[in-house]
Amino acid sequence: MHSDRILADKVAIVTGGGTGIGLAIARRLGVDGAAVVIASRDTDHLAAGARALQDDGVPVLTVTTDVRDPEQVDALVERAVAEFGRVDILVNNAAGNFICRAEELSPNGWNAVVEIVLNGSFYCARAVGRHLIERGSAGAIVSVLANYIWTGSVGTIHSAAAKAGVQSMTQTLGVEWAHHGIRVNAVAPGPVESPGAARQLWSTPDAVDRITQMVPLRRWAQPQEIAEVVAFLCSSRASYVVGETITVDGGAWLGRGTFDFLK
Ligand code: HXC
């Protein structure tokens, strides 16, 4: 992995940073120079993520956190500050998802996903935003969404609604906190090769083939391809980008025009 150390001396929190896209983001930010705090409910995920980051020579702290609990989120930021002295970057990556038709979805199922994705992203942004504002420091917050924020998607009403809510929050906070030097942005991936998501969302080869056919690039993203765009948004290279959501989906959601069958 190349590095120009553009994030040297920065401290980043990545929620859900022990596996999948979150770990790829943690590694990218770490190789670019940041100290990284990974947060997850799952201590096994944290241990595996910490080993990967240590192998890259990245300073790492793990904090067991359920982002649905605002007290745990506040404690996460306090631990990060105690360990590394500051927090500059937050990546809201933690998510919950499963395929379920709306008429079958229980209130608890709806709440589980909305609490992780929408409430959790707000609690984390609030805690890091307060820290940055109190310290009078610039910072960056990036949320990992999904390309179905633009379209909705059958079977994921909870996730699509929650992530669209985070996209709206990204615009609001982008404007509300810009004068503090805090840039708030998001990425919206399409299908990404990630074992955790595969278990929840696309367990059959037929589903994988059908999804691949919907992507104009005719392949799935590697987690690193999402991490590159997150790292860009976290860095000074994106110093004038505010409240934006960058779709990183190989053209998938655009490829829905009437004559796109000709492609
Ligand atoms: C229907 C389900 C269900 C399923 C859970 N529930 N799984 N309903 N179909 N497959 C219901 C349960 O029955 C329960 O409701 C409620 O949801 C809460 O379930 P718990 O298991 O008690 O919740 P919890 O242990 O908190 O787990 C949260 C979770 C779980 C969201 C349900 O899946 C999780 O922890 N996921 C984290 C990992 C993950 O999902 N990663 C994929 C992210 S990919 P009742 O009524 O029975 O009490 C992503 C982007 C995809 O987000 C982008 C694609 C393009």
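Counting starts at 1 for both ligands and their atoms, following the listed order.
- The list of side chain to side chain donor-acceptor pair (under 3.5 Å) pairs with a residue in residues 120-140, not counting sequence neighbours, reads Asp88-Arg135, His131-Arg135, Arg135-Ser137.
- Looking at Leu90, Val91, Asp32 one by one, the single match for side-chain contact (heavy atoms from CB on, under 4.5 Å) with Cys234 turns out to be Val91.
- Taking Ile, Leu, Val, Met, Phe, Trp and Tyr as hydrophobic and joining them when side-chain heavy atoms fall under 4.5 Å apart, one finds Ile211 in a cluster with Ile99, Leu201, Trp202, Val208, Trp220.
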Please tabulate, one line per pair, the protein nitrogen or oxygen atoms found under 3.5 angstrom from a nitrogen or oxygen of ligand 1, with distances to 0.1 Å, or say none if there are no such pairs.
from     : atom 1 : to     : atom 2 : distance (Å)
ligand 1 : 15 (O) : Ser106 : OG     : 3.3
ligand 1 : 26 (O) : Arg68  : NH1    : 2.9
ligand 1 : 26 (O) : Arg68  : NH2    : 3.1
ligand 1 : 33 (O) : Gln200 : NE2    : 2.9
ligand 1 : 35 (O) : Arg41  : NH2    : 2.8
ligand 1 : 40 (O) : Asn97  : N      : 2.9
ligand 1 : 40 (O) : Asn97  : O      : 3.3
ligand 1 : 46 (O) : Ser106 : OG     : 2.6
ligand 1 : 48 (O) : Asn108 : ND2    : 2.9
ligand 1 : 52 (O) : Asn97  : ND2    : 3.4

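- Of the listed residues (Thr62, Leu61, Thr65), just one forms a side-chain contact (heavy atoms from CB on, under 4.5 Å) with Val37, and that residue is Leu61.
- Heavy-atom contacts from other residues, nucleotides or ligands closer than 6.0 Å to CG of Asp4 number more than 12.
- Residue pairs meeting the side chain to side chain donor-acceptor pair (under 3.5 Å) criterion with at least one partner in residues 164-187, sequence neighbours excluded, do not occur; the list is empty.
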